[in-house]
Amino acid sequence: MGIVSPGFQGRPRTQEPALPPGQYLTEDFPVLSAGPTPRVSLDTWEFVIAAENGSEYRWSWQELMALPQETPLVDIHCVTRWSKLGTTWQGVSLDTLLDGVDTGAHFALAHSYGGYTTNLPLDDLRGGRAWVVHTFDGAPLPAEHGGPARLLVPHLYFWKSAKWVRGIRLKTMDEPGFWETAGYHDYGDPWREQRYQGD
Amino acid sequence: MATSTPRTANRWQVGRLVERRVETPTAQTLVLEVPDWPGHLPGQHVDLRLTAPDGYQAARSYSVAGPVVDGPGGPRIEVTVQRVHDGEVSPYLIDVFGDGDPVEVRGPLGGWFIWRPEETAPVQLVAGGSGIVPLMAMIRARRATGSKAPFRLIYSVRTPRDVIYADELRRRIRDDFGLDIAYVYTREAPEGWRGEPHRIGLADVNTHGWPPDLQPLTYVCGPTGFVETVADLLVGLGHPSRRVKTERFGPTG
């Protein structure tokens, strides 16, 4: 327990659902990005998985749409402390995309249109826990939320769910991404409150 | 001003309120004495954490408003808190948090939305509402370090009463050579102002910002819609995305 702040009670919290520590509920959908929103045309959009041996696996927009679609219903948690419960998405599981990719890599570096990057253990993209999503709440994902497509990895803080995702590089060595080199935690588990380096 | 040292930045320490300044009807500056403050760069933020008697905690991020100030009890930092309607933390900090009261502080945090005083490129700052706070830290650091980097600030506010740091900005525009400030009023312009209240648009950014060929560094901070609009305008004018840094705030309490 920290230093008690004289006169601080906090919000009434008998009805609070189970949130990761330090999080509060929000109903709307805040936008947090480090720069201008990239505008990506579906005609030129592609998603590329690059394996550590140099081989590449590519999907155009039409090819992505032709893959089996899933509709995850998940809670999301931003490192800036808002959480949003029961969000609905549509997209393609990374299990589907990684199926047939020949790799022995343990790490993945997601990269985006606009230059953003974020790193994750490859295992965290498997097992029905990660998707490339293009639809939020029944409508095409708006550009400010990462449309046309973003990564969705809801069990980690939301900066790992790279907006405007363009591809994933599979790596034998971990390589920190954009926020991870700017002082944020390498892994980012909200339930362990891994916000910043050293947490 | 030192750069951050992760060792100290990564632990909570106890700060105390030593001074409070009313900036607008809804914003106040809190001066906190933080004895082990490691220093920070303009644009960085701190997390402040409150604890209730039953152990419940709430933390929020606030931009640091200026360089470290030396006080008799050690280093002091300033944050400016805008009251959030129905907020959990900001009403406490504005209405209840008293002189000498403790608050847990962690920082400095954030290594992206920063300006380094050794940079010589022209700087373009675009603030919406309380988005002025980290940009004011840059303006104050420019003055404190004697930087000659040319600065332009475009500051969008609802009415003249909503200008945070109004007196100081008037002084700086007089005293700080190479600093220009333009205001955009969205609801009510001051007496004698030329033009009508309006939301920031292409003409404002084009007239009061730096042209892309001067390769300015641009920092945009404000509510989401404001930042989206301004960043899109800047890219449309030809500013490379990688030189436009943004910080958006949504609902925080």
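So that the names make sense, note that chain A is the first sequence line, chain B the second, and so on, each numbered from 1.
- The candidate with the highest count of non-hydrogen atom pairs below 4.5 Å against chain A, out of B/Val96, B/Val14, B/Asp101, is B/Asp101.
- In this structure a side-chain-to-backbone donor-acceptor pair under 3.5 Å is missing from B/Trp112 to A/Trp179.
- B/Arg60 approaches A/Arg11 most closely through the heavy-atom pair NH2-NH1, 4.4 Å.
- Ranked by non-hydrogen atom pairs under 4.5 Å with chain B, the options A/Pro36, A/Gly22, A/Ala182 are led by A/Pro36.
- The residues A/Arg81 and B/Asp47 are annotated as salt-bridged, a charged nitrogen and a carboxylate oxygen being separated by less than 4.0 angstrom.
- At least one side-chain heavy atom of B/Arg106 sits less than 4.5 Å from a side-chain heavy atom of A/Tyr196.
- B/Thr51 places no side-chain N or O within donor-acceptor distance of the main-chain N or O of A/Val4, the cut-off being under 3.5 Å.
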Next on the checklist: For a side chain to side chain contact (heavy atoms under 4.5 Å, CB included) check, start with the C-alpha distance between B/Val235 and A/Arg39, then their side-chain angles and the critical distance, and finish with the verdict.
Outcome noted: CA-CA 11 Å; B/Val235 171; A/Arg39 312 284 160 178; over 6 Å; no
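- Here the rule is side-chain contact (heavy atoms from CB on, under 4.5 Å) with A/Ser5, and of B/Val103, B/Leu93, B/Leu50 only B/Leu50 fits it.
- Across all their heavy atoms, A/Ile3 and B/Pro102 have their closest contact at CG2-CG, 3.4 Å.
- Residue contact with chain A, scored on non-hydrogen atoms closer than 4.5 Å, involves the side chain of B/Tyr92 exclusively.
- Side-chain polar atoms of B/Thr224 and A/Glu144 form no donor-acceptor pair below 3.5 angstrom.
- The 12-atom threshold is not exceeded at CZ of B/Arg242, counting heavy atoms of other residues, nucleotides or ligands nearer than 6.0 Å.
- Classified by interplanar angle (parallel below 30°, tilted 30° to 60°, perpendicular above 60°), the ring pair B/Tyr56/A/Phe8 is parallel.
- Put simply, of A/Ala34, A/Gly114, A/Gly7, the one with the most heavy-atom pairs under 4.5 Å next to chain B is A/Ala34.
- The candidate with the highest count of non-hydrogen atom pairs below 4.5 Å against chain A, out of B/Ser241, B/Gly98, B/Ala58, B/Gly110, is B/Ser241.
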